[in-house]
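What follows is a set of notes on a single structure, which appears directly below.
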Amino acid sequence: MCGRFSLAYDKETVVEYLIRTFAVDDIDYDLPRYNIAPGQDVPTLIFDGSQYRAGPIKWGFKPFFAAKENSSFQLVNIRSESLGNKPMFDQPLRKGRCLVLADGFYEWNEKKPYRIMLEDQRFFLMPGLWTSYRDDDGASIHTAAIITKPSDGSMRDIHDRMPVMLNHEAGKKWLTVPAYGKTDRLWQLHTRKELHRNRVSDIVNSPENDNEACIKPR
DNA sequence: CCAGACGTTGTT
DNA sequence: GTCTGG
DNA sequence: CCAGACGTTGTT
DNA sequence: GTCTGG
């Protein structure tokens with residue numbers, strides 16, 4: 001699962017990474033973020049056919065058949081095992097791939113929150129699907145969900161599911177190679193490295209709290 | 001055939 | 001829209 | 001994911 | 001308990 005995460009670097013550092021790896025020179029997103037929750041905008045990358053683009057998308061995928069204001073149908077996560085055999089994901093799989101930029105995600109075990117990071121504590125990319133609908137005013141609303149897989153390695157200690165974590169090479173393949181991601185095997189390639197885990201304060205429980213205390217080890 | 005669900009997560 | 005259940 | 005609300009009426 | 005909001 002993945003229902004909360006962080007992108008706690010300052011904007012300058014994130015933009016420097018985006019320029020270097022995706023030739024994207026800005027992202028319309030306020031940083032740092034210590035506690036990003038469903039319902040809020042998440043920092044994403046997409047490929048528009050010729051170049052990468054970075055921007056915010058609302059977390060909570062609303063499939064086309066639920067594309068009306070009154071429907072509460074929305075997904076925070078999509079199981080990687082479901083891709084390719086659920087019609088609702090077919091079109092997004094072809095035309096709605098995205099990457100969610102993060103430097104850590106939160107996991108609760110016995111009500112205690114932990115922050116999971118790469119060993120080098122730098123950026124990783126969570127693949128997702130996005131789609132759009134028009135709200136009552138005719139405005140286009142983009143929504144996205146993050147793809148999960150069965151936990152591996154040390155993650156199994158605290159949870160049976162985890163977000164797929166890609167490096168930037170795999171992330172580019174996800175965005176640009178239509179066949180990529182069609183088999184479960186491919187999701188396992190990029191998480192060989194051990195993960196770093198910090199027990200953090202309960203203040204992260206509330207999405208209202210979005211400050212450095214959320215990521216501070218305790 | 002039509003009606004109704006369609007997803008994920010955790011918790012009991 | 002498309003699949004499943006009745 | 002967790003936290004917090006969960007109802008109705010009339011009046012401004 | 002269950003739904004909604006962040």
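Treat the numbers as computed from the prediction; the structure is a model and nothing was measured. The sequence lines fix the lettering, A, B, ..., with proteins before strands; numbering per chain opens at 1.
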Heavy atoms under 4.0 Å, any strand shown: does [X] hit a base, just sugar-phosphate, or nothing?
X      : result
A:Y106 : nothing
A:K111 : nothing
A:D160 : sugar-phosphate

Report, one pair per line, the protein and nucleotides 1-6 of chain E atoms (nitrogen or oxygen only) whose separation is under 3.5 Å.
unit_1, atom_1, unit_2, atom_2, d
E:dG6, N9, A:P38, O, 3.3
E:dG6, N7, A:P38, O, 2.9

Separation of [X] atom [atom1] from [N] atom [atom2], in whole Å?
X      : N      : atom1 : atom2 : result
A:F64  : B:dC6  : CZ    : P     : 14 Å
A:W108 : B:dT11 : CH2   : P     : 11 Å
A:F5   : B:dT9  : CZ    : C1'   : 17 Å
A:K149 : B:dT9  : NZ    : P     : 14 Å
A:D210 : D:dC2  : CG    : P     : 17 Å
A:Q91  : B:dC6  : CD    : P     : 21 Å
A:W59  : B:dT9  : CH2   : C1'   : 12 Å
A:E110 : B:dT12 : CD    : P     : 12 Å

Flag yes if more than 12 heavy atoms outside A:R53 fall under 6.0 Å of its CZ atom; otherwise flag no. no

Decide if atom CG of A:D28 counts as having more than 12 heavy atoms of other residues, nucleotides or ligands within a radius under 6.0 Å. no

Using 4.0 Å as the upper bound for N to carboxylate O, is an ion pair formed by [Y] and [X]?
X      : Y      : answer
A:R115 : A:E212 : no
A:D30  : A:K11  : no
A:R20  : A:E16  : yes
A:R134 : A:D137 : no

Return no unless some side-chain N or O of [X] is found under 4.0 Å from OP1 or OP2 of [N].
X      : N     : answer
A:K86  : B:dG7 : yes
A:R161 : B:dT9 : yes
A:S82  : B:dT8 : yes

Does the Lys NZ or Arg CZ of A:K172 fall within the cation-pi geometry relative to A:F22 - under 6.0 Å from the ring centre and within 45° of the axis? yes

Candidate pair A:E81 and A:K182, rule salt bridge (charged side-chain N to carboxylate O under 4.0 Å, His left out), full reasoning: CA-CA 9 Å; A:E81 303 95 310; A:K182 288 273 176 62; over 6 Å; no

A:R33 and its side chain to side chain contact (heavy atoms under 4.5 Å, CB included) partner, picked from A:D41, A:V42, A:D210, A:D103: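 By the side chain to side chain contact (heavy atoms under 4.5 Å, CB included) criterion, A:R33 pairs with just one of A:D41, A:V42, A:D210, A:D103: A:D210.
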
Measuring only the [atom1] atom in each nucleotide, how far is [N] from [M]? A whole number of Å is fine.
N     : M      : atom1 : answer
B:dA3 : D:dG10 : P     : 36 Å
D:dC2 : B:dT12 : P     : 12 Å
E:dT2 : B:dT11 : P     : 15 Å
C:dC3 : B:dG7  : P     : 12 Å

If a stem is a run of at least 3 consecutive Watson-Crick or G-U pairs, both distances under 3.5 Å, which stems include DNA chain B? B:1-6 with C:1-6

Compare the ring of A:F65 with the six-membered ring in the base of B:dC6 and state whether they stack (centres under 5.5 Å, planes under 30°). yes

Is it true that a side-chain atom of A:Y34 and a backbone atom of A:V204 form a donor plus acceptor pair closer than 3.5 Å? no

